[in-house]
Amino acid sequence: MKRLFAALLVAALPVISTAAHAADIKKGEDLVNKGGCIACHGAGLDKPIAPNYPKLAGQYQSYLFHALQQYQTKHQTPLYGRNNPIMGGIVAQYNRQDLEDIAAYIASLKGDLYIRDEMH
Ligand code: HEC
């Protein structure tokens, strides 16, 4: 039994070490909950409080990541960036990995924008 466990551990190690840089949906969920995103983007990030506040749930992960990154001042250039003051203030606290995790979590939510299942 001990030997089996050791073998499994060795087999799993490369997976664990590469996963360190992959997006972590659970961590993204924690960051979204702590970040108070539902205050504006609504329950399940799918029911915004105003028509000009976007729905997020189920949007593509890559789109969400780039949108979030674009709100950070350091990514703003005339060709690449968004200067919304609300979101700019919110994303200032996150590093790149946080944004990857947040994007992965939001993309996993089955909201109105989640169309991947229907496409198959
Ligand atoms: C105080 C209100 C408010 C809060 C809180 C808020 N947002 Fe936003 N968010 C907005 C508004 C308004 C926009 C649209 C800004 C624009 O026009 O670029 C937006 C846009 C976005 C977008 C871009 C969507 C798209 O389709 O381009 C993402 C992603 C996003 N928010 C994620 C988050 C996350 C993650 C949190 C929590 C950490 C959060 N927001 C908290 C108001 C808010």
Side-chain angles (χ1 to χ4, degrees):
M1 189 61 198
K2 230 185 211 166
R3 193 181 287 172
L4 176 65
F5 180 71
L8 285 174
L9 193 65
V10 169
L13 272 179
V15 179
I16 293 168
S17 55
T18 51
H21 292 286
D24 182 338
I25 291 182
K26 182 76 192 81
K27 182 144 178 289
E29 180 176 8
D30 290 345
L31 290 168
V32 164
N33 289 339
K34 285 194 196 112
C37 318
I38 61 162
C40 295
H41 294 285
L45 302 183
D46 195 37
K47 300 200 168 37
I49 58 164
N52 56 335
Y53 284 22
K55 289 184 180 184
L56 304 178
Q59 178 56 273
Y60 288 105
Q61 182 174 340
S62 56
Y63 176 90
L64 290 164
F65 172 71
H66 287 290
L68 289 167
Q69 221 184 19
Q70 285 179 318
Y71 289 119
Q72 289 188 328
T73 323
K74 61 184 176 221
H75 294 292
Q76 287 178 17
T77 74
L79 292 176
Y80 180 86
R82 300 183 177 200
N83 63 359
N84 182 267
I86 301 175
M87 282 308 301
I90 287 166
V91 295
Q93 61 186 308
Y94 301 120
N95 63 32
R96 187 193 162 97
Q97 186 64 49
D98 293 337
L99 297 185
E100 299 261 22
D101 297 345
I102 289 171
Y105 168 64
I106 297 174
S108 76
L109 298 173
K110 301 242 169 17
D112 285 354
L113 304 176
Y114 194 96
I115 53 171
R116 264 86 83 202
D117 290 345
E118 292 158 25
M119 284 160 55
H120 292 279

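Nothing here was measured: the structure is a model prediction, and the numbers come from that model. Atoms within each ligand, like the ligands themselves, are counted from 1 in listed order. All residue numbers in this chain count up from 1 along the given sequence. Atom set for the values below is all heavy atoms of this structure, side chains included, hydrogens, waters and symmetry mates excluded.
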**Asked** After noting the C-alpha distance and the side-chain angles of Lys27 and Asp98, does the key distance pass the salt bridge (Lys or Arg N to Asp or Glu O under 4.0 Å) rule?
**Response** CA-CA 8 Å; Lys27 182 144 178 289; Asp98 293 337; 3.0 Å; yes

Quick one: which ligand 1 atoms are inside 4.0 Å of a heavy atom on [X]?
X: Leu64; answer: 29 (C)
X: Ile86; answer: 1 (C), 2 (C), 3 (C), 42 (C), 43 (C)
X: Tyr63; answer: 25 (C), 26 (O), 27 (O)

**Request:** Kindly confirm or rule out an N or O of Arg82 lying under 3.5 angstrom from an N or O of ligand 1.
**Result:**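 Between Arg82 and ligand 1 (N or O atoms, distance only) the closest approach is under 3.5 Å.
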
**Heteroatom distance test (Tyr71, ligand 1): nitrogen or oxygen, under 3.5 angstrom** =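 The answer is yes, given that Tyr71 and ligand 1 share an N or O pair closer than 3.5 Å.
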
**Message:** Tyr80 vs His66, test: side-chain contact (heavy atoms from CB on, under 4.5 Å). Steps then yes/no.
**Reply:** CA-CA 10 Å; Tyr80 180 86; His66 287 290; 3.6 Å; yes

Look at [atom] and say which protein heavy atom is nearest, naming residue and atom and giving the distance to 0.1 Å.
atom: atom 13 (C) of ligand 1; value: Pro54 CD, 3.4 Å
atom: atom 28 (C) of ligand 1; value: Leu56 CD2, 3.6 Å
atom: atom 6 (C) of ligand 1; value: Ile90 CD1, 3.2 Å

**Request:** Taking the side chain as every heavy atom from C-beta outward, state whether His41 and Ile106 have any atom pair closer than 4.5 Å.
**Result:**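 Of all side-chain heavy-atom pairs linking Ile106 with His41, none is under 4.5 Å.
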
**Message:** Can you confirm whether Val91 sits close enough to Gln69 that some side-chain heavy atom of one is under 4.5 Å from a side-chain heavy atom of the other?
**Reply:**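 Val91 vs Gln69: side chains apart.
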
Among [options], which one puts a heavy atom closest to [atom]?
atom: atom 43 (C) of ligand 1; options: Gly36, Ala50, Cys40; result: Cys40
atom: atom 34 (C) of ligand 1; options: Ala103, Cys37, Gly88; result: Cys37
atom: atom 29 (C) of ligand 1; options: Leu68, Leu113, Asn84; result: Leu68

**Asked** If you stand at atom 8 (Fe) of ligand 1 and look out to SD of Met87 and NE2 of His41, what angle do those two lines make, to 10°?
**Response**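 Here the angle at the metal atom is close to 170°, to 10°.
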
